[in-house]
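Read through the structure below, which is laid out as C-alpha cells, and then see the notes.
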Amino acid sequence: MILGCLPFFHTFGQTCTLNAGLRAGAKIVLIPRFDADAALALMVRHGVTVLMGVPTMHIGIVAAAAKNPERPPLRFGVSGGAALPVAVLEKFSEAFGASVHEGYGLTETSPVATFNKIGRETRPGTVGTPIWGVDVEIADPLVRDAIEMLPAGELGEIVIRGHNLFQGYLNRPEATAEAIVDGWFRSGDLGTKGEDGYVTILDRTKDMIIRNGYNVYPREVEEVLVRHPAVGMAAVFGVDHETYGQEIAAAVVLADGADPVTGEDLVAWMKDEVAGYKYPRSVQVLPELPLGPSGKILKRELVRRLEESRDR
C-alpha cells in the first residue's frame with residue numbers, strides 16, 4: 001500500500017509511485033494536494049506501508065505525527081528530489097519506527113540512478129549505491145570537453161551512464177552535447193563516492209555559494225540549522241554582495257509548538273556551530289517556505305523576496 005502524494009506529472013511520482021506501484025500490483029492511496037495532517041490520517045485509515053515523498057513531505061509528516069498518536073503499519077519511507085537532512089531522517093525513524101531510504105536521480109536518468117536499497121542497512125547522509133546497470137562516478141567539474149574521473153572520496157561533479165539515460169533534449173543539440181560527454185551525463189550536482197560505492201550529494205553546482213573566495217555548500221549549513229530545536233524546515237541560499245561577491249542567507253519555518261525565536265537568535269546560535277565564513281548573516285522566520293508543484297523549496301523565490309525587501 002503506497003501513499004500517492006507526489007504529482008504524477010513529475011518523473012518521481014510517475015515512475016516511482018505510479019509505474020512501480022502498478023508493476024508490483026500495489027494499491028496506491030491518492031491525495032489530491034499534499035497536506036501533512038490529512039496524509040497521516042489517510043495512511044492510518046488505509047494501512048499504508050510505503051511512503052514516497054520529497055523531504056518537505058517527510059518533514060510535514062513528522063510534524064503531523066507529533067500531534068496525532070495514531071500510526072500506520074509503515075515498512076519504510078522513500079525520499080528523493082532533494083537532499084534529506086539527517087536530523088529529519090532520525091526524527092522520522094523515531095516517530096514511525098521505520099527507516100527512510102534516500103535515493104538520487106534526475107529526469108534525464110528516468111529518474112533513479114542511486115538508492116539505499118531495501119533489505120540493506122541504510123547509510124544516513126548518502127543516496128546509496130548505483131542501481132543495476134547504471135554507472136555513477138565523480139568527474140572533474142572544471143574540465144568541460146571531456147570526462148576526467150577523480151579518485152574515490154574526492155569532491156566533484158556526479159556523472160552517470162547506463163540504460164536509464166535519456167537520448168537528448170528535443171531540438172536542442174547544443175544543450176545535449178554539453179550535457180552528454182563521452183557517453184556520460186553531467187548532472188550538475190556536486191558529490192563524492194566512497195570506496196564502498198556509496199554516493200553523497202553535497203549540492204547543485206549552481207547553488208554553491210562563493211563568499212569572499214570560500215566555497216559554501218547550502219546543504220551543509222542546512223543540516224546544522226535544522227538541528228536547532230525550534231527549526232522545522234530550513235533553506236540556505238546566496239545573495240549578491242558588493243564586498244564578498246555573495247553573502248549567506250537563510251529562511252526557516254519554526255517547528256510546531258516550538259518556543260519562539262528570532263532570526264537574530266538563530267544567527268547567533270549558528271556562529272557557534274559552523275566555521276566563521278559559513279554561518280548565515282541573516283535568517284528570515286517565515287510562516288511557510290515557497291514550494292514548487294513537486295514539493296521542492298523554491299530558493300530562487302526566496303532570493304527574489306530578500307532582494308526586493310532590500311530595495312525598498
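By convention here, the first residue in the shown sequence is residue 1.
- Note that CG of L286 is 11.0 Å distant from CE of M233, once rounded to the nearest 0.5 Å.
- Ring-plane geometry between Y169 and F166 is classed as perpendicular, the angle between the planes exceeding 60 degrees on a 0 to 90 degree scale with a lower cut at 30.
- The two atoms that bring R305 and P290 nearest to each other are NH2-CB, 3.8 Å, heavy atoms only.
- E178 has no carboxylate O lying under 4.0 Å from a charged side-chain N of R172, or vice versa, which leaves the two without a salt bridge.
- One finds the CZ atom of F12 at 11.5 Å from the OG1 atom of T107 (value rounded to the nearest 0.5 Å).
- M208 belongs to a hydrophobic cluster whose other members, connected by ILVMFWY side-chain contacts under 4.5 Å either directly or through intermediates, are L155, L190, L202, I210, Y217.
- If you check the side chains of T56 and K296, you find no donor sitting under 3.5 Å from an acceptor.
- No donor-acceptor distance shorter than 3.5 angstrom exists from the side chain of S93 to the backbone of S99, with no hydrogens or angles considered.
- T122 contributes no side-chain N or O that, together with a main-chain N or O of P124, makes up a donor-acceptor pair within less than 3.5 Å.
- With hydrogens and angles ignored, the 3.5 Å screen pairs no side-chain donor or acceptor of D135 with any backbone N or O of R161.
- Using a distance-only test at 3.5 Å, with no hydrogens or angles considered, a donor-acceptor pair links the side chain of R71 to the main chain of A65.
- With salt bridges taken as basic N to acidic carboxylate O contacts below 4.0 Å, one links E90 and R227.
- Annotation: cation-pi geometry satisfied between R211 and Y244 (NZ/CZ under 6.0 angstrom from ring centroid, within 45° of ring axis).
- Between the side chain of N116 and the backbone N or O of E102 there is at least one donor-acceptor pair closer than 3.5 Å.
- Judged by distance alone, the side chain of T205 and the main-chain N or O of G188 form a donor-acceptor pair under 3.5 Å.
- Residue pairs meeting the ring-ring contact (aromatic ring centres under 6.0 Å, His included) criterion with at least one member in residues 138-158: none, sequence neighbours excluded.
- With sequence neighbours excluded, the residues forming a side chain to side chain donor-acceptor pair (under 3.5 Å) with D196 are R123, listed by chain and number.
- When all heavy atoms of L40 and P72 are compared, the pair lying nearest together is CD1-CD, 4.1 Å.
- The closest donor-acceptor contact from the side chain of N68 to the backbone of E70 lies under 3.5 Å.
- D189 and R204 are joined by a salt bridge, as a carboxylate oxygen and a charged side-chain nitrogen come within less than 4.0 angstrom of each other.
- Residues F9 and S294 are not in side-chain contact: their nearest non-hydrogen atoms beyond the backbone lie 4.5 Å or more apart.
- Between the T114 side chain and the P130 main chain, no donor and acceptor come within less than 3.5 Å of each other.
- Looking at S282, its side chain never comes within 3.5 Å of a backbone N or O of A249 through a donor-acceptor pair.
- Among residues two or more places apart in sequence or in another chain, the side chain to side chain donor-acceptor pair (under 3.5 Å) test is passed with E220 by K278.
- Note that SG of C5 is 8.0 Å distant from CE of M43, once rounded to the nearest 0.5 Å.
- In this structure, CZ in F92 is found 7.5 Å from CD1 in I61, a value given to the nearest 0.5 Å.
- At a threshold of 4.5 Å between non-hydrogen side-chain atoms, the residues L254 and V261 count as touching.
- Residue pairs meeting the side chain to side chain donor-acceptor pair (under 3.5 Å) criterion with at least one partner in residues 19-47, sequence neighbours excluded, are D37-K67.
- Side chain of N212 to backbone of G245: no donor-acceptor contact under 3.5 angstrom is found.
- With sequence neighbours excluded, the residues satisfying ring-ring contact (aromatic ring centres under 6.0 Å, His included) with W269 are H228.
- A salt bridge links E222 and K299; the closest N-O separation between the charged side-chain nitrogens and carboxylate oxygens is under 4.0 Å.
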